[in-house]
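In the text below, chain A, chain B and the rest are named by the order of the sequence lines, each starting its count at 1.
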Number of protein chains: 2
Amino acid sequence: MEDGQAMDQDRVPLELARLWRIPLDSKLGRPARLDVGSVVDAAVALADREGLAAVTLPRVAESLGVTKMSLYRHVGSKDELLDLMRDAANGPVPDSLAGTGPWRERLRLWATEQLRVLEAHPWLAQVPPSGPPSGPNGIDWFDAGLRSLRLTGLDWGAKVGALMIVSGYVTSAAQLAQALAAGREGTGMDQAAAEREYGRAMARLVDPERFPDAAALFGGGLLEDTGEDTGENDFHFGLELLLDGVAAAVAGDE
Amino acid sequence: MEDGQAMDQDRVPLELARLWRIPLDSKLGRPARLDVGSVVDAAVALADREGLAAVTLPRVAESLGVTKMSLYRHVGSKDELLDLMRDAANGPVPDSLAGTGPWRERLRLWATEQLRVLEAHPWLAQVPPSGPPSGPNGIDWFDAGLRSLRLTGLDWGAKVGALMIVSGYVTSAAQLAQALAAGREGTGMDQAAAEREYGRAMARLVDPERFPDAAALFGGGLLEDTGEDTGENDFHFGLELLLDGVAAAVAGDE
DNA sequence: CTCATATAGTATCCTCAAGACACTATCTCG
DNA sequence: CGAGATAGTGTCTTGAGGATACTATATGAG
């Protein structure tokens, strides 16, 4: 079809067109100093520097040397800007995910690479989800996830479900880590000290009559300090648990 | 010890004292028309009626017949109010979770009861996480989760990890469902129609050269309409997958 | 009984956000 | 060279969270 490209530009909703950076290439009117890409890049840079809360239209505009209202020509709304930022910050999938291979190891890598992205852009875990992956980078990650499961023989629904679980897990692990870090903001405590403090406060509040299991946990279980990096270990424990679940689905499918 | 109660009131941080509704019982000063409970109840009711975005200090105050600044006497800040709302809306664990029994069935029930709570208070899934469970209801749910795993022989760390995964999964499933529902707001599409529309848009944008697996998915896989309630089925598929993962941990522990 | 003190609620202020709308500036094409 | 289309600006409204200084109302010590 000769109109394939033209159709792309016309029939796709405006929001998707911006996500995919489909140029409108109308040469009329005053030429633009700005484009979607530069607005999004500025917003991402701002979020990286000062956190998601600092990303306001006035401040993004200021960092571009422009007034806030001009941004609306390129992003439509604050919410849409967040979608664009998410896709941009996710970035393309790293080369390590290019090939195919044993699904478990590929899927594990997929998860840990996602975690790396969330560590590089901590605010990313706080951007509220807005639906299935729609942007080019989101699709790239999605494609890589599907590729990691290509050899499993799972049907599409199972693959999609497994990917959503794994990536949801990575996100909530990152969220939790950030919430803990934020909670001990100011107090000069490290992770272990904060956990001890939490355990102590809970031990005082949790009545063993009403909450026997929780009281047992706070009373004794948590206080052993292994000295190792707890967060990392917890993450991998959970990830392997998920992979075991996927393994069961793969096996049950045969 | 005779000073047990007094210690509770003194040594516990103010925020925890409010979560646990520990009365200050100082009889001095002007008597309060408000207390933490009524502020939180009003905020929860408002969120139930009009969503989380409607919960602003002015509006909560208005619904209590009070000016906004008086709320700060009882809740400290907006963020703290959100914490209090979360704990209140979680509510105590339902009776069905009281006993003990086969872990898999108990844990499954724990998850589905959590989902019911999230359906009753849709805004709950959007409240940003603020750390480990700290309020009485949060502890109640936590205790019930630990109880469901009591007979597994898992160590504390594994139990806590498994619970975090399951409850994180329930939350992100609810978040996704809401994002999808919000996305098709206005458009009179049902779930299936919206999915078809999404698949069609993606099929147009996703280049099979760059994204072979994703293109295959959008090209053919998603379009079979089973007619059944997809969301429910997806949720249970994922939950059983997680339970399989926990089962592997339980088995590996022996 | 009365007055210092402690607490509850109020009145007013500030800073800053998102966004509507009408305006000006600058380009291309007929 | 103008007409129309597009980019960017100036100004306004609404409404948020929160600081501060005030008033109101109770208790309990002298």
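Which of D:dT25, C:dA20, D:dT20 sits closest to the side chain of A:K68 comes down to C:dA20. Checking C:dG19, D:dG8, C:dC29 against every side-chain atom of A:R33, the shortest atom distance belongs to D:dG8.
Rounded to an integer number of Å, the gap from CG of A:L71 to C1' of C:dG19 is 12 Å. Rounded to whole angstrom, the span from the NZ atom of A:K78 across to the C1' atom of C:dA17 amounts to 8 Å. Here the P atom of nucleotide D:dA26 and the CG atom of B:L28 are 13 Å apart, to the nearest Å. Going from atom CE of B:M69 over to atom P of D:dG18 covers 9 Å, rounded to whole Å. In this structure, CG of B:D79 is placed 12 Å from C1' of D:dG18, rounded to the nearest angstrom. Rounded to whole Å, the distance from CZ on A:R30 to P on C:dC23 is 17 Å. Remark: P of D:dG18 and CD of B:E80 are 11 Å apart, rounded to the nearest angstrom.
Between B:Y169 and B:F235, the gap from one ring centroid to the other is short of 6.0 Å. For A:F211 and B:F142, the distance between ring centers is not under 6.0 angstrom.
Of the residues in residues 39-57 of chain A, those lying under 4.0 Å from DNA chain C by heavy-atom distance are A:T56, A:L57.
Both B:R59 and A:R73 lie near DNA chain D, and the one whose nearest nucleotide falls closer to the 5' end is A:R73. Across the interface with DNA chain D, nearest-nucleotide mapping of B:G76 and B:P31 shows B:G76 to be the residue nearer the 5′ end.
Proximity of B:T67 to the phosphate of C:dT10: a side-chain N or O atom is located under 4.0 Å from OP1 or OP2. Contact annotation: A:S70 reaches the phosphate of D:dT9 (side-chain N/O to OP1 or OP2, under 4.0 Å). Contact annotation: B:Y72 side-chain N/O to D:dG18 OP1/OP2 distance is under 4.0 Å. For B:K27, no side-chain nitrogen or oxygen approaches OP1 or OP2 of D:dT27 to under 4.0 Å.
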Could you walk me through whether B:R200 and B:E197 pass the salt bridge (Lys or Arg N to Asp or Glu O under 4.0 Å) test, one step at a time? CA-CA 5 Å; B:R200 227 175 339 219; B:E197 188 54 38; 3.2 Å; yes

Would you check, one step at a time, whether the test salt bridge (Lys or Arg N to Asp or Glu O under 4.0 Å) holds for A:D207 with A:R210? CA-CA 6 Å; A:D207 174 6; A:R210 276 181 68 195; 5.8 Å; no

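Interatomic distance, NE2 of A:H74 versus CG of A:L64, reported as 9.5 Å (0.5 Å rounding). Taken from OH in A:Y72 to CD in A:E80, the straight-line distance is 11.0 Å, to the nearest 0.5 Å.
Between A:E113 and A:R116, at least one side-chain nitrogen of the basic residue sits less than 4.0 Å from a carboxylate oxygen of the acidic one, meeting the salt-bridge criterion.
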